[in-house]
Structure formats: structure tokens, C-alpha cells
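The next block holds one structure in the form of C-alpha cells; read it before the comments.
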Amino acid sequence: MAQTAKHKKNGVVAKKLVGLADLVITAAQRSKDPTLAIPIRALSNVAFNERKGMIEMGHKKQARSFFNIGMAKKFMQTILVADALSELQRAALTTSLREIYYRTKHTIQDSHENTFDTQDESDPIIEDLEVSLAALREELHVRAENGGSIVGPLVLEDDGDRVDCAKLGKGGYSVPSIVEPGYVDIRRCTADFVLLVEKGTQWNRLSEDKFWRRYNCVLLTGNGQPPRGVRRLARRLHEDYRLPVYVLVDNDP
Amino acid sequence: MAKKAKPAPAPEPEKKPATRAAKPTQTVTAVEMGARQREISVSEFFTKNRHLLGFDNPRKALLTCVKEAVDNALDACEEAGLLPDVTVALEVVPTGGSTPQASQATRFRVTVTDNGPGIVRQHIPRIFAKLLYGSKFHRLRMSRGQQGIGISAAGMYGQLTTGKPVKIISRTGPKAAAHYFEVQIDTKKNEPLVHENKQIDWDQPRGTQVSIEVEGRYQKGRASVDEYLEQTSIANPHVRLVYKSPDGETREFPRTYHELPPTPREIKPHPYGIEFGMLLKMLQDTTSHSLSGFLSSDFCRVTPQLADEICKTAKVSPNVKPRGLKGHPAETLYQTIQATKIMAPPTNCLSPIGEKAILSGLYKQIKGEFYTAVSRPPAVYRGNPFVIEAGLAFGHRPEDQAKPPQPARPKAEGEHEEEDSELARVIRYANRVPLLYQQSACATFKAVLNTTWKNYGMSQSRGALPGGPMVIFVHMASVWVPFTSESKEAIADYDEIQKEITLALRECGRRLGLFLRRRERAASEFRRRHIFELYIEEVVEACNRLKGGKLPTEKLKAQLQKIASSRTGGLKTDEALGKTGAGPEGLPHSIIVTPEGIEGDVEVAAAVPSVAPPTAEAAQIEWRDEEQPVGTSSKRQGRASKRRSAPSAKRSGKRADPSAPRSGATSSGQTARAAGKTAKSGKASIARKKK
């Protein structure tokens, strides 16, 4: 059942990506400037939703049109990235940000110009597509490097393998970038709370000392600034199992 | 031995003056000195001072001979109302039994043939062999020749250097016989000596041929005969010139303008233009019996009423005999005249080349992308009316850009700035005659230097000509062009003249700046379009892949390219860049700007609001109107009336601007006034509403 939901969602994302091509085609037919609306991701466009307890994005949008000399290149890049992502959807594969950059980078015909010069150009465009298509990066089949570790009385299912996080020694389970249901399912969790440790070394210390066994908790770290997988996993544990999340940080900005 | 002996005679010169002073017999008495006094003939004077007439070196002498003969031919044809058809032939005269190459030759025969009215037999000897004899000196009328020195001086120079007489053939019409003359000048008496006089058969039905053998040097390049003829052809597009060079080549400068310039009228001197001595002479020479009659008939712009007024102010009886007026009263009269307000002299005595003719002349001879010409309204210096005309040719033709630069050629005398590709070239004219020497002494050149070309998008270093591929044309037409010397090489620097030249050049510069800016904008639009086109390829490919390869890519590409070109100025960009291949009036790759507006792409010009600021104001009124559709009724009424008149003001501004010549200021003034009226009418309507 989870598998079908996953496929259904994928179909929606793929359609959204093809929708970008349709946007260009219809605009061209009407002799209009093809324009994408991209939500602005800036401090001015976010607000804390008290009811949901989340920081949410506002409704401000930015137009990205093709026939504007300042935006033409970005527009072209967006379409190129959309094309690469749509290919991933069709092949049902995931890839990294870096590979998206390499897949879309090439020299434009009859010129000395590259479509992308650095990865710094392609990364924000993936983010743009995420927000404008209202799809998660993971849904776009782009994953980040595995980052962060988890250890504790927790059983996960990853690609059909049962992973008991209590039996993984002091190294723990390396949290993948995509922890959505369907990719990683939480089969059983008997912990009382989640302890999110900021520093990798502190987590190692606690893990070595089997702190989680003594206090019956899940030890989680993001090695500094936590990657998306760790953040989402902490949220899932909090929401699905109603575990309180304690955070061990040095509060040094 | 000899060396030792030398110091001894040194003291001697000191003694000599003393001995001389002691001998009174060696002094010259006043009587003896008086006996030595002799009259100097003009011819003798100019034989010695031939450099004053432009015969300082062989190369220049050859040019001057051609120039004087051609000027006379053109003057004669125009005065007779004939479209000039002039042939100039330079032949190498064999010296020492062999004919050297043109560049090595020292003797040339200059033959100039025209289709003019011919000369009556009796006048031929004196016209060609008497200095200061001519029809043009005593009248105030625009002509190339002024003094009556030119051709006879050329003949005299030939006589001096080769000993050969001037040969003339002239025929006044198909029915008359052609006369052949060989004349020389008696320099002592300044009188002609006729060597040969006979009737001959001539194949031409009418015209004059002058043939002078002179010592000279033929070299191409700057200030050469070739250049002179080329420039003559620019300023005289109504002339057909055939040039047979000493190399044996025949070059034809075709006629591109088939209308004779209007014949200039002869005018009387203007009172402001005469000096006191001149007035005294005129008082003596007049045929009038009364002073007021003299004033009103011998001067222009003096009416009988004004003459009476002048007499009254000068406290002289208007009925006094002019010949009797001398001394103090005459001086008072002169001062009164100078103090009286008198209308500027009439300008029908001038025949400017005209903007169209300058354009066609420049276009014919100079290869550029942009041409413009400006004729100033007549102005006056020292009582002499004059007209300044300026023209400008800018840029390279595409076919010239592809050519490799020409190998450097040796510089010739009279060349000042050679870097043709670097600095602009100034070609100067006075009464349609090209001025080739003494550029830096000329008012024209100074005016070009004093114009800030940087304002018009040209580079210019301090005190230098503007840089860039540009030819600046300046012409002064006047009844009396103030030359700095008899050889007519440079125009004297009168403030009035300088001012007019500067104004004309500025107008040319403004148009050039407009053209350059427009071209630059077109180029940047073109760059933008190129970027879009690059990206269109990518976007179309990506879209095709997104749609699973089922997209009519060519169609989408064409649609997007259409948007791209319309977003980047559309066809105007192509036109301004000369990519469409067709220029205005079928002239490829050139845009011609005339006071009638810009020929070629008028839309682009109309889109530039730089000419009439009030137009922009009118447009703003319109806009504001659209932005606020709701308002109180009275306000709306006022605005509505504004709206009705605003577009009309805008339209009239646009129309008036290109049609009225030199109307930058006037038309904008008109529009401003119109706008003022509009505002008033708007207010009035508000008042009416309130009542």
C-alpha cells in the first residue's frame, strides 16, 4: 500500500515537471513571455504558524520570465534542471545535487558559454523547483549525502531490511537523506524520549557509554547543522510516537 | 704662414666707417634719391611675391593653376546659366628630348576646357594677361573669383618658369567663329602682349579652353590636383568634371545634381560694411545730386525716409551735393550711419549649396554610413552677408572595413594630420572652392577644434580634431569671403563667422550623436537577442525531452524567436544595424539625416524624444489622465480638455520638428506655448464649470 502511494505521488511530481514544458509551449503559442512563479525564500516571506507549530512560507512570489535579460539564463537553467529531474522520475532513480549539476552542465552550442559554471548555480534552482512545484527534494528524487547517526531502541525498515538500531554497536545507523514512509519505515519504537545531540563527538561519547540504554532514549545527531534526513526523522518520531525531543546544544550561534 | 697672417687685417673694418664718415662726397643727395623713385607695376610686385598668390613651390603652383582655371570656368558657366561640363587635362611636357614619368616630370601643360558662354574676342587678352582685371571685384555678389588676379597670375607664372605664352581658344556660340589666342603679360606695364590671334576650327560649339605650360610637380595625396577636383565635385554636385591625369588615366566625376544653383543677385554695399575713406570715395563717385538720394540709391537697405533721418541726425541738409561734402560733416555723417539701426543686408546675393546638394556630393565622394548637412540662415559680418553650411560623413562602409589598411604613402607638403583612420578630416570651402592649404590658420578649422565633439559620442583629445572615421565639410558662401591672403587659402577669423560655423557644426554633431546612440542601442539590442537565441535552443531541447520527444521543436523555436526579436526592438534593430540590406533611398548601409527628418527609418527617430522636451510633457499629461480615471466632474472636465489638446500638441511637435529646418528651438518653443495654452484652456473650462 505504501508502494502504491509512493508511485502515485511520483506520478504527480512527474506531471508537474512536464507542466513546465507546457507552460513554455502555451506562452510561445500566445506570443507571451513564458514566466514561472517562484515563492520567495527569504526572512521577509516566512511566518511562524502557531497552530501547526512550524515556520511556514508566505505567499510572496517572484516571477522568472524568459525574455528578460537578467533572468533568461536562470529560466533556461530551470528548464534544464526540470528536464533532468523528470528523467530521474521516469527511471525511478535518485541522485545527488552534485550529479544534477554534472548532468545539466554543458557548453551551449556555437558559443563559449556553459549552461552552469558552478554547483552554486544549480543548487538554488533545485530549491526553486521544490517550492514552486510544492514537492519535496526527496520527491524529486534528489538526495543529500547520508549524514547523521541514530542509535537506540528503535527498529526501522529500509529497502526491505530490518534494522534494529539497538544492535548496531557504537556507530549506529547512518540516517539517509530520504526518510519518508516508503523509503524508511519505523517498525517499532520503545524509547521514552529523543535526545538530539548537536555535536558528533558528544554523540559518540554518549553512544559509547550506552547512555540510551540507561535512560531508554533514542540518540540522534546531525554532526553539526543537521541534514534534512535527521530533521525529518526527529519530527516523525515526535509526531508519530509522541516522543519529547530534547536537544543538547552549546547554544553558540 | 697664411694662418699667422690672418689676424692682422682684423682691425681694418673698424677704421673704414670712420674714413667713410669723413668723406661727405659718398652720401646720396635727396635729388638722387628722388630720381630713383619709381612706380611699381602690380605684375612686377606679384612676380617677386608670387608666394602671395599660391605659387610658392612647384607642387602648389600646379594646383593653383588648375584651381584658377577651373574656378573661372565654373563661374562663367553658372553666370550664363549653363550646367558646367569641365575637362581638366594635365600633360607632361617633354624636357631635354625625353618624356619623364608623371612623378618625375617638372613641366606640365594644364588645359582646362569648359562649355561656358565663351569670351568676346576683344576681352580675351586682358582677361588672361593683365593682373587685377576682371568683372568680379567691383560688385558685391557671390562668386568663386573675387580679385581678377587668378588666371593672369597663373599665366604669368607659366611665362616666368617656361617662357611659354598662355593659349586660349574661345567660342561664344555655334554660329560664331572660334578664336585662338597666344598671350603673354608685359610685367612692366601690366598689359597683355598678343603673340598670335587667329580664327580656327574647333569641335566644341561653345566654351573656352585655356592652356598654360608651367613648371610644377605632380604628386598625389593631400593637397594635390586630384584632391582638389574631388573636393570640388563634392561641393559642386551640379558639375560634371573629367580629369585626365598626367599618368594617362581619365577619371570622371559625374553630375549627381541636375539643377543649377540659383543665380546670386548683385547687391549694393551695406552701410555697416564700409570704412570712412570708402564713404568719401563713394561721395565723389556718385551720380546722385542730393545726399539723401546718394544714401538711398548707392547703399542697400537705406530707404529715402531713413536717408532723411540720417541727414537730420547728422545735421546735414539732405539736399546738399554729395561731392561737396568733405571734412568734419562727412565724418559726422559716417558716425551717424554707423550709429543708425539699419536692416541687415539682403541675402539673395548668396547662393548656398543647399543641404540636399551637399548630401549628394558627400555621398558621391565619401564612403560612410551616415551623412548629414546643415545650412545656417544668413548672417552678416562687417556689412557683408554670408551663409555657413556644414556637412558630416561618418563611418566606414562594410565593404571598406573588410579591406586591409592601405600601405603608408609619403606625406606631401601641406599635410598636417595624416592619421586618416585616427582623426577626422576637415574639408573647407569658400564660395564652393575647396581650400587645401593653411588649414590651421582657417576660422573653419578653429571652429572644428572648439566644438566639443565628446558631447556627440566622438573622442577628442584636447586641442585636436575629433577621432574617428569622419569627414567634416564646412562651406562659407559670401559676397566677400575674408581670406587671410591673396592666394585664398584660409578664412579670416571674424567672431560672427566663427559663431555661425560653430552653430552649424553643433547641429551636425547633434545629429551624429543621435545616430551613434541609436546604433549603439541597436547593437545592444542585438546582443540581447543573440543571448535569447542561444538560450532558446536549450529551452526548446529541454522542453522536447520533457514532453517525451514528441514536440514540434521547429515550430516552438520559431515562436520563441519571434518573441525574442519583437522584445529586442524588432526590425528596427535590424535596420539600424544595416542587416536588412536596404538603406534609405536605396543607398545601402547609410542613413541620411536631413532637416526634413531622418530618411530611412523614421519610426526610430520619432521614438527618440530628445528633440522636443515639451512633447514628453504632453505625453505625461496623457498618462496621468489614464491613471486616474475617477475624479470630480470639474477636474475631469479640465483634464479632458487637456487630453484633447495634448496629443495634438504632441503630434504638431513631431511634425513641426522634422519639417521646419533648424527648428530644434523654435518648434519646442511652439509646443511649449501650445502646452501653455492648453493649461490655460483647461483652467478656463474649470472656471466655467464653477460658474
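First the proteins, then the strands, lettered A, B, ... as listed; each starts at 1.
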Is the number of heavy atoms from other residues, nucleotides or ligands within 6.0 Å of CZ (Arg187(A)) greater than 12?
yes
Spacing of Ile69(A) atom CD1 and Arg527(B) atom CZ [to the nearest 0.5 Å]
10.0 Å
Nearest non-hydrogen partners of Ile563(B) and Ala28(A), listed with the distance:
CD1-CA, 4.0 Å
Minimum heavy-atom distance Ser111(A)-Leu534(B), with the two atoms named
CB-CD1, 3.9 Å
With a sphere of 6.0 Å drawn around CD of Glu239(A), does it hold more than 12 non-hydrogen atoms of other residues, nucleotides or ligands?
yes
One should read off an interatomic distance between Met76(A) CE and Glu537(B) CD, to the nearest 0.5 angstrom, of 11.5 Å
Closest heavy-atom pair and its distance - Glu538(B), Thr115(A)
OE1-CG2, 4.0 Å
d(Leu20(A) CG, Lys547(B) NZ) to nearest 0.5 Å is 11.0 Å
Atom NZ of residue position Lys74(A) - does it have more than 12 heavy atoms of other residues, nucleotides or ligands inside 6.0 Å?
no
Just checking His238(A): does its NE2 atom have more than 12 heavy atoms from other residues, nucleotides or ligands closer to it than 6.0 angstrom?
no
Heavy atoms only, distances under 4.5 angstrom: which of Leu80(A), Asp33(A), Asp83(A) has the most pairs with chain B? Name it, please.
Asp83(A)
Hydrogens and angles aside, do Tyr535(B) and Gln77(A) bring a side-chain donor and acceptor to less than 3.5 Å of each other?
no
With a 4.5 angstrom heavy-atom cut-off, which part of Lys73(A) approaches chain B: side chain, backbone, both or neither?
both
Under 4.5 Å, counting heavy-atom pairs only, tell me which of Thr78(A), Leu85(A), Asp22(A), Thr104(A) racks up the most with chain B.
Asp22(A)
What part of Gln29(A) gets within 4.5 angstrom of chain B, counting heavy atoms only: side chain, backbone, both, or neither?
both
Is chain B contacted by the side chain of Asn68(A), its backbone, both, or neither, given a heavy-atom distance below 4.5 Å?
backbone
Can you tell me if Glu520(B) has over 12 outside heavy atoms packed within less than 6.0 Å of its CD?
no
Would you mind telling me which of Ala84(A), Ala72(A), Pro34(A), Ala27(A) has the largest number of heavy-atom pairs within less than 4.5 Å of chain B?
Ala72(A)
If I measure from the heavy atoms of chain A, does Leu560(B) come under 4.5 Å with its side chain, its backbone, both, or neither?
both
Neighbour count above 12 (heavy atom, 6.0 Å) for Glu56(A) CD
yes
Could you tell me the separation between the NZ atom of Lys562(B) and the OG atom of Ser31(A), rounded to the nearest 0.5 Å?
4.5 Å
Closest approach of Ala82(A) and Leu546(B), non-hydrogen atoms and distance?
O-CD2, 3.7 Å
For residues Phe532(B) and Phe67(A), establish whether the separation of their ring centroids is below 6.0 Å.
yes
Can you measure from CD1 (Ile79(A)) to CZ (Arg545(B)) and round to the nearest 0.5 angstrom?
11.0 Å
